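A short write-up of the structure that comes next.
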Amino acid sequence: MSRLLSKFSGGQALASAPEQGSAMPFDSRRSADLLAGLEAADLGWFWECDANRRLTYLTGSAVSSVGLEGDDLIGCDLTEVFATGESDEFDSTSRSLKFRLTSRSPISRLNVKVLKTAELETWWEISATPRFDSEGKFEGYYGTARDITRSRAHSRDSERAAQYDSLTGLANRLRVTRQLEQTLTSFKQLKRSCAIMLFDLDHFKKVNDTLGHPAGDELLKQVASRIKKLVGDRGEIGRLGGDEFQILLPDIDDRGELGDLGKRLVQMISQPYSIDGSRAIIGCSIGVAVAPYDGIDADELVKAADLALYAAKDAGRGTYRFYSSELAHNANFRQRIEDDLRDALARDEFLIQYQPIVDAKTHKVASLEALLRWQHPERGRVSPAEFVPVAEELGIINEIGQWVLEEVCTQLKSCPPEIRAAINVSPIQFASDDFYSVVDRILTKTEVDPARVELEITESVFVGDLECTIKLFKKLKRRGVRLSLDDFGTGYSSLSYLRDAPFDKLKIDQSFVRGCSAKDNNNSALVSAIISMAKALKMETVAEGVETHDELGLVTTHGATHLQGYLFSSPISFQDLLARFDKKQLEFKPRGPEKYRAERRTEFRKIGLIHGDSRYNVVLRNISKTGARIEGLLEVPVGTEVVLDLGDGQLAVATVRRSDGFSQGVEFETHLVSDGDSGLCTRHRVSPYQIEAAGRPLGALTNSAVAAYTGAKQSAPKAFVQIDIGAQIRH
Ligand code: C2E
Ligand code: MG
Ligand code: MG
């Protein structure tokens with residue numbers, strides 16, 4: 001002991017040791033006493049090892065602190081006594097103890113785990129100085145130690161608290177962001193791809209408001225566990241705060257696979273929840289962005305996913321959506337809509353059109369669906385699908401809804417008495433406290449027979465507190481109005497509410513009616529099942545969106561009581577309607593195509609076509625998963641292989657199957673997949689890494705960079721004659 005203490009007091013280990021030649025004389029005895037006092041009072045622990053790292057001394061109280069006795073540790077190799085925690089996430093930067101000892105460098109405040117201990121996990125902080133004899137020969141180390149187990153556990157806990165969400169146990173925003181940044185940085189070097197999904201629960205606030213915050217918390221926990229179950233170890237899940245979640249999915253860029261996952265997540269989260277005996281239903285919207293295609297760094301990628309999420313919500317919620325450059329463009333458009341929409345009511349820019357809903361047997365109009373139109377002074381007619389979600393978010397849907405209700409009730413009085421009006425009610429409007437009194441007041445004011453008014457409500461009103469919703473339904477029924485469930489089958493997929501909700505009518509969503517006569521889908525079986533169920537519940541059924549004769553045949557065979565769709569009439573103005581009624585023309589004859597053409601979307605946009613070294617401009621006229629029709633090249637032989645540049649890095653290899661003058665039908669080598677909305681996209685895209693390898697700077701995809709990457713030139717000698725039909729294209 002005294003030898004060790006004299007080393008310490010030799011002036012090397014104690015910062016306060018006086019310098020040579022200073023006023024105070026060097027007093028090794030006093031220092032040794034002082035250190036012995038520290039040791040005795042258990043204020044400091046000391047240790048020493050020899051040149052072979054063998055422990056030669058350790059303060060007695062240090063030995064007993066780890067439950068050992070006397071010489072238990074003396075003679076042990078230091079690396080068998082202590083270890084640095086390389087595998088420990090909070091201390092991963094420390095170099096190994098062995099490395100330090102071998103390099104004979106001083107050790108300063110190193111955290112080490114005590115390996116030889118009878119206690120549970122014990123951590124010490126050690127400092128030490130190498131000692132050399134007068135010839136400079138290494139003799140070992142002498143140093144100090146202190147127990148830091150508790151303070152370390154404490155800082156570990158607070159570190160954990162700073163990185164994890166205490167409610168769900170998922171990574172929090174800080175950790176998620178850090179992880180994304182780190183992943184993207186390392187993936188950039190390795191040229192790997194990585195997707196993120198941003199989530200937002202639809203109508204979560206309603207659960208919080210109606211069932212209380214503890215129920216909201218419980219719901220979030222259940223949501224987190226459902227996401228974990230589905231994602232498994234494919235990705236890292238985090239909660240960004242509130243009802244926002246994010247999933248990081250390394251090494252996935254297949255949009256087919258991502259779309260499938262997105263769809264399953266939406267379905268799973270939309271299943272009912274049971275919380276303390278109450279049932280609650282919520283939905284979710286998902287925005288998906290894939291690096292490096294949609295963004296290279298974390299900021300860019302999150303912004304892209306955010307825009308996609310926004311678009312998913314706009315598309316009516318309960319869906320996923322991929323980022324596309326078009327969305328960035330639409331975001332500006334949306335801002336302009338927001339600005340103008342606030343004034344639209346005051347400027348008298350709204351009007352109502354009516355679409356007849358006819359009796360399936362007589363084809364006579366039974367009711368009229370009121371469809372809101374916004375006549376914008378510059379942009380023309382803006383679709384309700386576009387502006388209603390914006391009005392909901394801006395909190396002005398109630399005012400607009402009231403206006404619709406009053407306008408329709410007033411106009412209804414000029415229609416034949418046997419005809420009803422169906423009025424769409426936004427779930428937000430429905431959930432507002434004064435909804436009942438607004439309906440009541442307008443019915444009284446306009447003196448319209450309540451039995452002629454049908455309120456169309458979508459399944460999303462069932463989110464949140466079901467009991468409250470059903471109470472309101474019953475109250476409205478007592479007032480005499482009729483209730484109709486719109487877009488049935490698209491929303492919150494729980495049938496049990498139909499049992500208690502007093503609907504008079506069920507409207508089968510167009511997506512089931514569309515192409516229901518085609519052999520390769522289940523729509524016909526679903527339509528049949530929905531109609532039988534509605535019959536059993538004594539509800540009328542409307543087949544929405546009937547466009548063709550074969551759809552008409554099918555829905556009437558299955559027994560739909562009412563029909564609505566372009567086959568009978570598109571929405572028409574009130575004046576046109578009155579003119580018909582004046583002439584007593586109550587019947588609408590079905591007029592339209594025989595058959596529905598499978599999933600062909602009509603398009604009219606410029607795309608690129610690559611053949612050999614040449615790049616052409618062509619016009620895409622329609623597109624389906626399997627092929628497309630293009631115009632703009634003369635006499636392209638059947639069997640020619642081409643590449644279509646569909647924009648945003650989407651190159652699709654295709655073969656010409658039909659050719660007629662300047663129009664060609666091409667078949668894709670790999671089928672396209674859904675983009676989450678009504679559009680289609682390629683599974684994979686040209687990677688910015690490929691573009692970088694071709695000598696261009698790394699950046700998110702741009703069409704001009706992709707065009708340059710393909711190597712084909714507008715000016716290269718061309719095999720086909722390009723004709724300019726671009727002049728007709730609206731842009
Ligand atoms: P919805 O209530 O399902 O209305 C039916 C939509 O399908 C209407 O679109 C209608 O024009 C369209 N449609 C009718 N027949 C066919 C067909 O044969 N084929 C196809 N492809 N479409 C057909 P619109 O007018 O664009 O309205 C879209 C949605 O906007 C409505 O869907 C409704 O949810 C909402 N909406 C319309 N008016 C109002 C309103 O006054 N208040 C609220 N809150 N929402 C409204
Ligand atoms: Mg409707
Ligand atoms: Mg509908």
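Remember, it's a predicted structure, so these values are computed and weren't measured experimentally. Just follow the structure's listing: the first ligand is 1, and inside any ligand the first atom is 1.
- Using modelled atom types and a 3.5 Å distance limit, the side chains of D200 and S285 yield no donor-acceptor pair.
- Considering just the N/O/S atoms of E369, the one nearest the Mg ion (ligand 2) carries the name OE2.
- Under the 3.5 Å distance criterion, the side-chain polar atoms of K413 are matched with a main-chain donor or acceptor of T446.
- Considering only non-hydrogen protein atoms, atom 5 (C) of ligand 1 sits nearest to E544 OE1, 4.0 Å.
- Numbered from 1 in the order shown, with element, the atoms of ligand 1 that lie under 4.0 Å from a heavy atom of V404 read 41 (O).
- For atom 31 (C) of ligand 1, the nearest non-hydrogen atom of the protein is L371 CD2, 4.4 Å.
- No more than 12 heavy atoms of other residues, nucleotides or ligands sit less than 6.0 Å from atom NZ of K205.
- Counting only N and O atoms by type, the side chains of T444 and R479 include a donor and acceptor under 3.5 Å apart.
- Counting heavy atoms closer than 4.0 Å to ligand 1, residue K507 contributes nothing at all.
- Side-chain contact of N424 with E369: a donor-acceptor pair under 3.5 Å is present, judged by distance alone.
- Ligand 1 lies nowhere less than 4.0 angstrom from a heavy atom belonging to Q564.
- Of the possible polar contacts, one joining the N523 side chain to the R514 backbone as a donor-acceptor pair under 3.5 Å is found.
- When only interatomic distances are considered, the shortest N/O to N/O separation between Q429 and ligand 1 does not fall below 3.5 Å.
- Between the CD atom in E594 and the CG atom in L552 there is a gap of 9.5 Å [rounded to 0.5 Å].
- Note: an N/O pair closer than 3.5 Å links L372 and ligand 1 by distance alone.
- Protein heavy atom closest to atom 6 (C) of ligand 1, with residue, atom name and distance, is Q510 NE2, 3.9 Å.
- Using a 4.0 Å cut-off between heavy atoms, D487 contacts ligand 1 through its side chain alone, with no backbone atom that close.
- At the shortest separation from atom 45 (N) of ligand 1 among protein heavy atoms lies N424 CB, 3.7 Å.
- For E392, the closest heavy-atom approach to ligand 1 does not fall below 4.0 Å.
- For the Mg ion (ligand 3), protein N, O or S atoms closer than 2.8 Å were enumerated as D486 OD1, D487 OD1, E544 OE1, E544 OE2, with waters left out.
- Closest protein heavy atom to atom 16 (C) of ligand 1: Y566 CE2, 3.3 Å.
- Contact analysis leaves G401 out of contact with ligand 1, as no non-hydrogen atom separation drops below 4.0 angstrom.
- Nearest non-hydrogen protein atom to atom 28 (C) of ligand 1 is P384 CG, 3.9 Å.
- Between the side chains of H562 and S367, not a single donor N or O lies within less than 3.5 Å of an accepting N or O.
- For atom 21 (N) of ligand 1, the closest heavy atom belonging to the protein is E547 OE2, 3.1 Å.
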Could you list the donor-acceptor pairs under 3.5 angstrom formed between side-chain atoms of residues 525-541 and any protein atom two or more places apart in sequence or on another chain?
{"unit_1": "S532", "atom_1": "OG", "unit_2": "S528", "atom_2": "O", "d": "2.8"}
{"unit_1": "E540", "atom_1": "OE1", "unit_2": "R482", "atom_2": "NH2", "d": "3.1"}
{"unit_1": "T541", "atom_1": "OG1", "unit_2": "T561", "atom_2": "N", "d": "3.1"}

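- With respect to atom 11 (O) of ligand 1, the closest heavy atom belonging to the protein is P571 CG, 3.5 Å.
- Aromatic ring orientation, F350 versus W403: tilted (interplanar angle from 30° to 60°).
- Within the 4.0 angstrom cut-off, atom 3 (O) of ligand 1 has one or more protein heavy-atom neighbours.
- Between R621 and E631, at least one side-chain nitrogen of the basic residue sits less than 4.0 Å from a carboxylate oxygen of the acidic one, meeting the salt-bridge criterion.
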Side chain to side chain donor-acceptor pair (under 3.5 Å) assessment of Q411 paired with E407: CA-CA 6 Å; Q411 294 185 337; E407 180 81 354; 3.2 Å; yes
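- Between F462 and F473, the two ring planes are perpendicular [angle over 60°; tilted spans 30° to 60°].
- Side chains of D648 and S325: a donor on one and an acceptor on the other come within 3.5 Å.
- Between F435 and F430, the angle of the ring planes lies from 30° to 60°, which puts this pair in the tilted group.
- S270 places none of its side-chain heavy atoms less than 4.5 Å from the side chain of I282.
- Residue contacts with ligand 1 for L567 are absent, since no atom lies close enough (heavy atoms, distance under 4.0 Å).
- The protein does not reach atom 9 (O) of ligand 1 closely, with no heavy atom under 4.0 angstrom from it.
- R420 places a side-chain N or O within donor-acceptor distance of the main-chain N or O of A451, the cut-off being under 3.5 Å.
- Applying the 4.0 Å criterion to heavy atoms of R514 picks out, from ligand 1, the atoms 19 (N), 20 (C), 21 (N).
- Counting the atoms of ligand 1 from 1 in the order shown, those under 4.0 Å from a heavy atom of S426 are 44 (N).
- If you look at R373 next to ligand 1, the close heavy atoms, those under 4.0 Å, all belong to the side chain.
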